[in-house]
Amino acid sequence: MATTTTKTETLVGKRIRRREDPRLITGTATYVDDIQLPGMNHACIVRSPHAAARIKGIDAKAALELPGVVAVFTGADTKDVGPVPCGASLPGLRVPHHYILAIDRVYFVGHPVAVVVASDRYIARDAADLIEVDYEPLPAVADPEKALAPGAPAVHPEWPDNIAFTYQQKGGDTDEAFKNAEVIVKERIVSQRLIPAAMEGRGVVADWKSGDKALTIWTSTQIPHLVRTLVALMLGVPEHHLRIIAPEVGGGFGSKLNVYAEEALMGFIAMRLAKPVKWIESRRENFTCTIHGRGHVDYLELAAKRDGTILGMKMKLIQDLGSYHQLLTPAIPTLSVLMMPGLYKFQNIHAEIVGVFTNCVPTDAYRGAGRPEATHVIERMVDILAAELKMDPAELRLLNFVDNESFPFATATGLTYDSGDYAAPLKKALDIVEYHHLREQQKEARAAGRLFGIGMSTYGEICAMGPSPATPAGGWESATVKIEPTGTVTVMTGVSPHGQGEETTFAQIAADELGVPIDDIVVQHGDTAIVQYGIGTFGSRATAVGGTALYFALQDLKKKIKLFGAMLLQSEDVTFADGVCTCNKSGKTVTLQQIAGASYRAMTLPTNTEPGMVATRFWEPPNFTFPFGAHIAVTEVDRETGDIEIKRYVAVDDCGNIINPLIVAGQIHGGVAQGLGQALFERAVYDDDGQLVSGEFMDYAVPRAHMMPWIETEHTITPSPVNPLGVKGVGEAGTIGASPAIVNSVVDALSPLGVRHIDMPMIPETIWNLIRKGAHA
Amino acid sequence: MITHNFDYKRPATLQEALGLLSDGSSKVLAGGMSLIPLMKLRLAAPECLVDIGRIADLNYIREENGAIHLGATVTHYQLENSPLLRSKCPLLSETAAHIGDPMVRNRGTLGGSVAHADPASDYPASLLALEADVVIAGASGDRTVTFADFIVETFTTVLEPGEIVREIVVPVEHSSAGYCYEKVVQPASGFAIVGIALRIRKEAGRIAEAHIGVTGLASKAFRAVAAEQALMNGSADPAAAKNAGALIADGVDANSDLYASPEYRNHLARIHGARAIAIALSRAQ
Amino acid sequence: MKIAGTHSLPVPQQRAYEVLQDPVILARCMPGCDRLEKVGEDSYEMKMKMLIASISGLFDGKVRIADKTPFTSFRLIVEGTGKIGFLKGDGLLTLTPNEGGTEVRFDGDVHVGGTIASVGQRLMDTTSKMMIKRFFDKLASEVSS
Amino acid sequence: MDSENSRERICGIFNPGMKHSIHLKINGQRYSHDVEPRLLLIHYLREIAELKGPHIGCETSICGACTVLVDGQAVKSCAMFAVQADGCEVTTIEGLATNGTLHPVQEAFWNEHGAQCGYCTPGMIIAAKQLLDRNPHPNEDEIRHGLEGNLCRCTGYQHIVNAVKAAAEKMGA
């Protein structure tokens with residue numbers, strides 16, 4: 001039964017502890033590897049140790065003889081399974097056929113070549129070692145610029161230039177802008193390859209019920225419905241016979257916004273053997289075979305007047321795509337182009353993307369997906385311009401921001417910024433750090449020979465993906481709200497949270513709208529057999545798009561509640577608030593519980609009204625949202641060692657209205673950690689032969705607790721007009737704001753030595769080399 | 001993640017362990033903090049593990065005849081927190097506290113770490129500075145070698161098949177001595193890019209004794225002899241620290257990895273060497 | 001990975017040149033070499049058991065000698081493939097006389113793949129140097145005995 | 001669930017001669033099984049004792065997601081064979097609450113939003129518990145270093161630090 005007390009306290013905007021946590025803190029949540037099915041087999045995948053090689057033969061005899069081994073499959077067995085799909089389309093895009101197991105050639109270290117199925121995972125692992133693959137190694141290329149050089153090894157022999165696509169975008173007139181420029185600054189800026197490294201790797205369990213011809217796949221994904229549609233096509237299983245379940249998902253950061261070979265492969269094995277099968281990715285597989293992020297080399301030119309007015313920008317973006325297109329691989333750099341102007345009003349841009357094949361694992365969406373790269377570039381260029389003009393970087397930014405009166409603001413890249421007050425977070429951040437005082441402190445520090453830096457970034461991001469025409473798979477989101485006969489509420493959302501806390505925030509929204517206690521609401525997600533079609537969780541969209549779909553479903557229900565309330569109260573004039581329908585004349589009331597009961601009992605029905613109390617809405621957003629903010633990092637560099645100390649980190653973010661400040665803070669902290677990781681520690685390193693030499697946590701430094709500074713968070717609030725909740729999204733903000741703030745700070749610290757740019761990660765040796773060079777300059 | 005198959009023996013006594021090791025195909029398992037991850041990556045595949053973790057008389061920290069005797073299976077956590085070591089050989093406690101993380105320190109052992117001889121492990125710097133001895137138990141009895149002689153090369157010691165590190169012996173430090181373990185941490189693995197261990201004794205404002213051990217820098221840990229000599233009999237001031245620090249990497253063919261080139265490693269050794277000397281001097285009375 | 005170094009052999013240059021290409025001696029001196037079989041002119045196959053403390057791996061290897069300029073230089077190409085990865089060393093050995101005998105300079109490239117490449121980065125440099133040093137130390141003791 | 005069957009299989013019926021008998025107490029309950037020596041403690045806990053709380057996050061014993069207490073000491077259960085835990089008392093995240101009452105560290109992780117995706121959380125909570133057992137009043141730096149063996153990719157650690165501080169206050173009160 002529903003709790004009978006009604007609730008009057010508004011929950012939206014409150015610091016409410018999460019409803020998903022009890023299972024997480026007691027170890028009772030169910031991730032993919034926690035699923036056990038009777039008779040389940042275990043799969044272990046044999047992967048290429050070469051970045052490029054011809055497969056001359058595969059001998060599985062010894063493996064098959066090992067007791068407990070059930071089957072071995074190779075590319076010959078799976079060649080008819082549809083290719084791993086690329087959802088992005090660009091004019092002239094070259095799309096290599098991406099078999100789920102290699103046929104006769106491998107293209108990157110980790111390329112799946114064969115799969116062993118055994119009765120337990122220990123045997124499967126032993127058997128994998130017994131499979132002999134005869135490789136003929138071929139020359140490989142791992143660096144996108146080297147791949148473009150004449151004579152470079154061809155990743156795909158059919159395209160010897162290694163170019164997957166080129167793409168141009170122009171806005172305004174850059175020729176004119178550069179002609180009128182009084183100052184032009186240029187720089188080459190690298191956004192290095194990163195490894196998303198969600199703490200839970202990927203994992204798939206597949207179960208085939210031959211009697212029903214029904215396949216169920218549990219997979220650690222951010223997009224269960226899209227996986228369903230695409231894996232159904234790959235396997236030739238009718239979509240209605242395929243059920244995808246995203247159980248508890250241990251982080252994604254974009255790496256699980258994808259459809260992977262293993263999802264179809266496990267489905268194939270389960271069907272072939274008519275037994276359930278489980279595959280759990282090892283960390284080394286996660287590093288070599290799950291998508292990487294970033295991987296840009298950008299050549300930039302910024303034109304301005306001496307007074308600091310920015311006139312235009314040119315960018316040549318070389319995108320390291322890796323060997324294949326995963327779901328969105330080629331689309332990611334186009335997002336960088338869209339966000340090229342940042343928060344600034346200049347109207348002339350020219351961008352050229354060259355998408356390059358390399359013998360590496362594909363890149364794709366990683367937290368921010370194209371936007372951290374764009375923000376990093378524009379925010380670095382603005383600082384380089386400020387240095388050139390000897391202007392204060394804050395003043396230069398304030399001068400060039402889009403004016404508050406100009407919203408909605410049309411950018412040179414074709415976007416419409418929804419709302420903003422771009423100066424507000426910067427001013428707030430400057431106040432928090434006492435900027436003028438800080439600059440005085442810096443002068444003193446410099447006089448004493450210390451390397452003291454103040455760096456800022458003012459970022460904008462394109463979020464709440466997004467209007468459907470602008471997305472590869474539809475940009476809407478869905479929600480169903482069911483008020484059960486006893487008055488409790490079930491929300492089913494098409495988004496697929498995996499740490500973002502929508503079981504809590506969506507319950508807050510529903511509780512407020514329906515006026516019921518939050519404990520009477522449950523939020524379900526991630527199971528295609530339960531939840532109506534949805535798009536998923538990525539691109540800071542869950543609350544802004546999925547929450548809005550929920551909001552509209554709730555409005556529909558409220559109308560229906562009032563209809564039933566009016567009927568029960570025998571009044572035309574009723575109000576529904578705080579879970580109670582009140583007759584405005586008599587003051588008589590009926591509770592939501594009574595109304596729900598009446599709607600299902602259906603003894604009488606309001607005119608033209610169906611029984612039951614369920615509403616579903618698919619909401620198509622009219623625009624993206626554009627969160628923004630300002631981050632300031634205060635750093636000091638050890639002149640002798642190059643070590644960087646972050647003395648202060650301030651993040652002022654404007655993500656529109658805030659549903660739950662606790663969760664918003666958590667998103668910012670986590671985002672900053674990933675941006676800081678990129679700025680200071682992380683890089684996926686392939687050697688010249690295409691070996692991933694940062695192949696585990698031993699050599700890839702994910703920030704640990706003691707490597708993080710205290711993050712001071714603050715907000716300004718500019719509601720988005722795009723959705724009725726006024727929310728903009730916050731999942732990626734921290735990541736986008738952090739890397740340029742930190743790099744700008746360290747460049748500022750080293751600027752007395754003539755340093756004007758530093759590529760990431762700024763490991764101490766890099767800094768030390770700059771100090772040495774500076775000292776000799 | 002899954003190791004090869006192997007056989008497992010858990011002797012109750014050292015004698016039993018030595019008996020089990022005598023055929024040469026077995027490998028000693030102590031805390032397993034180095035060995036088990038290697039086995040999980042299938043880089044190590046011993047046929048049999050002889051687990052010495054439960055041998056009661058290998059786990060002790062005791063003072064005897066002016067020296068401190070440390071049983072092979074004493075954990076890093078025990079060393080870090082031993083009141084005896086903290087007062088009488090604080091350099092070793094300080095070093096233990098720098099190893100890995102709390103979980104690794106709970107399981108990892110002194111003997112295991114020393115026998116593994118990872119060139120970037122922490123203890124070698126301190127054990128060299130302390131002029132420690134290693135007592136090795138074998139079928140034909142015990143033998144004692146200096147720690148300097150114990151380490152041969154990267155991952156290589158004088159341990160013969162069938163032998164076990166039984167104990168490490170370190171001197172009781174004079175309470176007036178200064179000490180320091182300074183470590184530059186590889187941010188991903190937690191291993192030492194450079195680790196410098198210092199022991200210094202002052203007499204009448206001059207340095208009467210200086211021992212410097214360096215790990216992480218080269219293919220094996222070494223004594224920084226030139227730096228020691230530069231300190232000896234000199235005055236105990238910051239300039240001395242800087243001058244001696246500058247000598248620490250002299251003639252060293254340094255290692256390299258993703259985080260530090262040989263040149264930078266040598267530089268870090270000099271800078272952190274000077275810093276370690278300064279700290280040790282400030283602690284010396 | 002580039003690797004270079006200098007080692008001394010206590011024999012005259014011509015003798016050094018010969019021993020460095022003598023399969024019997026190479027087999028004895030190459031760390032972990034179990035068996036070396038001639039499969040062609042200056043071309044050999046071998047079984048290697050690499051053993052560095054706890055780390056062990058079996059490799060099927062090939063050794064090739066090329067670009068011979070008698071008594072002053074030649075290229076030595078060593079390849080090995082095993083379950084834990086593969087390695088390929090390709091180096092130019094240059095011989096010059098010195099007071100005690102012959103100085104052998106080694107300039108080459110080491111390519112490593114598989115598990116050892118993806119998790120052994122930290123130790124690659126150290127261990128490669130160590131293996132080469134072991135080779136020359138053993139060789140020096142072989143030729144002087 | 002045919003747990004007997006899966007237990008049999010993972011215990012290594014194919015190498016019956018090599019099995020070792022182990023007896024241990026997990027969260028106060030006694031367990032006895034014959035296991036292959038190579039069975040990792042984490043797999044024993046997850047597959048045989050069916051305690052899915054501790055997780056596996058890496059292969060090199062870096063990440064700490066598998067952290068449990070063995071005889072009161074936090075260890076990475078992926079860096080220990082089950083045979084090594086023979087005769088020991090093991091506490092996993094499932095054993096931390098008593099009679100349905102959350103341990104103060106669990107409660108604090110909830111109140112302070114110390115978990116996002118939750119995957120590192122069981123190991124992180126065990127590590128935090130040990131930290132507070134050993135040092136009831138840690139400062140921020142001590143908390144951060146006390147958790148350096150546990151990777152979290154979601155939180156940036158700040159709410160975890162807050163949770164440990166809050167738990168310390170509550171436990172000290």
Side-chain angles (χ1 to χ4, degrees), chain A residues 33 42 44 66 118 120-130 195 197 201 280-287 638-644 676-677 680-687 692-707 761 763-769 771-772, chain B residues 1-6 33-34 37-43 45 97-98 100-104 118 120 182-194 196 238 241-242 245-246 248-249 254-276 278:
Chain A
D33 197 15
H42 294 262
C44 183
L66 190 70
D120 86 39
R121 67 177 91 199
Y122 278 55
I123 296 167
R125 176 66 187 85
D126 288 345
D129 263 6
L130 296 175
I195 300 178
I280 299 298
E281 185 182 61
S282 70
R283 180 56 61 188
R284 243 166 351 122
E285 287 178 299
N286 180 257
F287 273 36
D638 184 321
R639 193 180 267 277
E640 288 184 315
T641 62
D643 285 325
I644 295 165
L676 178 142
L680 298 180
F681 307 113
E682 296 179 35
R683 57 173 165 174
V685 183
Y686 281 96
D687 70 10
L692 181 68
V693 292
S694 58
E696 242 278 7
F697 285 134
M698 297 287 286
D699 287 302
Y700 187 90
V702 162
R704 298 174 191 233
H706 65 281
M707 291 148 80
I763 59 173
E765 179 165 7
T766 305
I767 303 301
W768 173 66
N769 277 320
I771 294 170
R772 277 201 304 176
Chain B
M1 185 71 190
I2 293 163
T3 74
H4 283 289
N5 253 316
F6 57 86
M33 293 298 97
S34 304
L38 285 174
M39 290 175 69
K40 283 162 58 184
L41 294 164
R42 299 202 163 194
L43 293 174
H98 278 86
D101 58 56
M103 281 81 81
V104 168
D118 191 310
E182 174 103 355
K183 176 180 182 181
V184 182
V185 181
Q186 202 264 39
S189 68
F191 276 100
I193 286 177
V194 177
I196 294 153
K242 197 147 192 180
I248 281 185
N255 299 335
S256 74
D257 70 358
L258 290 176
Y259 287 90
S261 68
E263 195 186 9
Y264 183 56
R265 261 197 166 74
N266 277 335
H267 171 75
L268 286 177
R270 290 183 200 107
I271 297 298
H272 287 279
R275 290 179 186 182

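None of these values were measured; they are calculated from a predicted model. What's counted below: heavy atoms across the whole structure, side chains too, no hydrogens, waters or symmetry copies. Letters A, B, ... mirror the listed sequences (proteins, then strands); counts begin at 1.
From B/I2, atom CD1 reaches atom CG of A/D126 across 7.5 Å, with rounding to the nearest 0.5 Å. To the nearest 0.5 Å, atoms OG (B/S261) and CH2 (A/W768) are separated by 6.0 Å.
Counting only heavy atoms from C-beta outward, the side chains of A/P764 and B/Y264 approach each other to under 4.5 Å. Using a 4.5 Å heavy-atom threshold, the side chains of B/L268 and A/E765 count as separate. Counting only heavy atoms from C-beta outward, the side chains of B/L41 and A/R284 approach each other to under 4.5 Å. Taking 4.5 Å as the limit, every side-chain heavy atom of A/Y122 sits out of range of all side-chain heavy atoms of B/M1. Between A/S694 and B/L258, some side-chain heavy-atom pair lies under the 4.5 Å cut-off.
No part of B/R265 comes within reach of chain A, as not one of its non-hydrogen atoms sits under 4.5 angstrom from that chain. Proximity to chain B is limited to the side chain of A/M707, based on heavy atoms less than 4.5 angstrom apart. Only the side chain of B/Q186 comes within less than 4.5 Å of a heavy atom of chain A; its backbone N, CA, C and O stay farther away. Heavy atoms closer than 4.5 Å to chain B are found in both the backbone and the side chain of A/V693. If you measure heavy-atom distances from A/T641 to chain B, the contacts under 4.5 Å come from both the backbone and the side chain. Both the backbone and the side chain of A/F681 have a heavy atom closer than 4.5 Å to some heavy atom of chain B.
Comparing A/E696, A/R683, A/R283 by heavy-atom pairs within less than 4.5 Å of chain B, the highest count is held by A/R683.
Residues passing the ring-ring contact (aromatic ring centres under 6.0 Å, His included) test with B/H4: none are found, sequence neighbours excluded. With sequence neighbours excluded, no residue satisfies ring-ring contact (aromatic ring centres under 6.0 Å, His included) with B/F191.
Salt-bridge check for B/R270 with A/E640: failed, with every basic side-chain N at 4.0 Å or more from each acidic carboxylate O.
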